[in-house]
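Reviewing the structure listed below.
Each ligand, and each atom within it, is numbered from 1 in the order the structure gives.
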Amino acid sequence: MELIKTVDGFLNWRKNQSASLGFIPTLGALHKGHLSLVRTSKKRCNLTVVSIFLNPTQFAPDEDLNSYPNTLKEDIKHLKTLNIDVLFLPTEDEMYQRTDDVNVPVTKLFNKLEGASRPHFFYGVTTIVAKLFNIIHPTHAFFGEKDAQQLYIIKQMIAQMNYQIILVSCPTIRDQNGLALSSRNQYLTAEEQFKASVVHKGLMHIKDALDRGQKNPIILKQAFEIILHQTPEIQIDYISIACTKTLEEITGIVEGAVLVSTAVFFKAVRLIDNFTYSSL
Ligand code: PAF
């Protein structure tokens, strides 16, 4: 595994490569979810590049940028074991020194769901992902389904910007109790993580009700809220049943493909999860 810290260093490496190249952008604090993206890239592509960059522009001033888990030593160990080709580890200056204002296309998806609670978030994500795509020049990019809205927005950005990149979405990886893996789970004790698995149980309750033919979004969401209220440490930020294309909330009956998604606070820790359901 080569460790490259500069844009010029990466471009230099890249110009000698013509094989398919899978790319996994990360904020670091790698967990089994990230590692499964790496394994999928290794299967699909000749070369695999991972970036670790804690991107400041996707954090609001009151969020956890300064306390975000940093496990760089372990991350490097895992990536070496998986035998990736390059770990791109740029500094903030390296990523942002050449431009102070970058505009990527904004879509109506930006201010829905996660964007409603974190208005800065998708501006920061698309800016950094566009810059990374321009540097890494991947043939394939691997993103996890846990961040469903991010996945939709990156898909749109690839189309709008004419990036010649195949976007590969990979299933959410869960712990033994169903909690979706996230770097932020490290903020919770084992007992709290067990309690937080109620988020997945609540979502699966909605799925079971949909399977049984319940199509009223109000009733479906109420069932989730009742289950979650049994864990007083959890505050629901939102529970949404939305159209997978527009992310508009379903107000009539649930039909076609929908994204059922939620964000909750477990004390101060923000956790998200979702599933896609198609009644067709
Ligand atoms: O999903 C993430 O970890 C981040 O949003 C990403 C895609 C690495 C951009 O900083």
Side-chain angles (χ1 to χ4, degrees), residues 7 10 22-38 40-41 48-60 63-72 74-75 78-79 84 86-96 99 102 104-107 109-110 112-115 117-138 140-158 161 163 165-173 180-187 261 263 269-274:
V7 173
F10 188 85
F23 174 48
I24 301 100
T26 80
L27 298 170
L30 304 184
H31 52 68
K32 287 182 185 150
H34 296 112
L35 303 184
S36 85
L37 302 182
V38 173
T40 310
S41 169
T48 293
V49 173
V50 174
S51 66
I52 295 182
F53 178 64
L54 190 57
N55 175 35
T57 64
Q58 68 190 73
F59 288 79
E63 290 182 344
D64 56 346
L65 175 65
N66 294 326
S67 57
Y68 200 80
N70 179 335
T71 57
L72 186 59
E74 287 86 351
D75 294 353
H78 286 310
L79 296 172
I84 66 160
V86 175
L87 168 59
F88 182 53
L89 190 64
T91 59
E92 188 178 333
D93 262 5
E94 196 62 23
M95 290 311 293
Y96 285 110
T99 44
V102 183
V104 281
V106 174
T107 77
L109 301 189
F110 272 45
K112 307 269 176 356
L113 306 175
E114 283 301 285
S117 300
R118 307 180 69 197
H120 58 286
F121 182 63
F122 290 113
Y123 292 88
V125 168
T126 50
T127 301
I128 196 63
V129 172
K131 282 157 103 29
L132 288 167
F133 280 175
N134 291 334
I135 298 163
I136 309 293
H137 234 279
H140 297 68
F142 296 82
F143 284 81
E145 288 166 7
K146 183 176 76 75
D147 299 290
Q149 187 178 5
Q150 171 170 275
L151 192 60
Y152 295 174
I153 287 174
I154 299 296
K155 192 172 171 193
Q156 280 194 341
M157 186 180 84
I158 287 176
M161 305 282 276
Y163 283 117
I165 298 172
I166 297 167
L167 182 65
V168 183
S169 63
C170 303
T172 303
I173 306 296
L181 296 194
S182 159
S183 303
R184 289 190 168 100
N185 293 355
Q186 294 184 30
Y187 297 137
S261 65
V269 183
R270 195 160 191 283
L271 303 171
I272 59 172
D273 201 353
N274 71 79

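Screening Ile135, Leu89, Val7 for a side chain to side chain contact (heavy atoms under 4.5 Å, CB included) with Glu94, the sole residue that qualifies is Val7.
Distances below 4.0 Å separate heavy atoms of Val125 from the following atoms of ligand 1: 5 (O). Atoms of ligand 1 found under 4.0 Å from any heavy atom of Ile128, numbered from 1 in the order shown, are 9 (C), 10 (O).
Judged by distance alone, the side chain of Thr172 and the main-chain N or O of Ala180 form no donor-acceptor pair under 3.5 Å. When atom types are taken as modelled, the side chain of Asn274 and the backbone of Lys146 share a donor-acceptor pair closer than 3.5 angstrom.
At the shortest separation from atom 3 (O) of ligand 1 among protein heavy atoms lies Leu27 CG, 3.6 Å. Nearest protein neighbour of atom 2 (C) of ligand 1, counting heavy atoms only, is Gln150 NE2, 3.9 Å. Ranking protein heavy atoms by distance to atom 10 (O) of ligand 1, first place goes to Gln58 OE1, 2.6 Å.
The neighbour count for His137 NE2, taken as heavy atoms of other residues, nucleotides or ligands under 6.0 Å away, does not exceed 12.
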Does the salt bridge (Lys or Arg N to Asp or Glu O under 4.0 Å) test come out yes or no for Arg270 and Glu63, once each step is laid out?
CA-CA 10 Å; Arg270 195 160 191 283; Glu63 290 182 344; over 6 Å; no
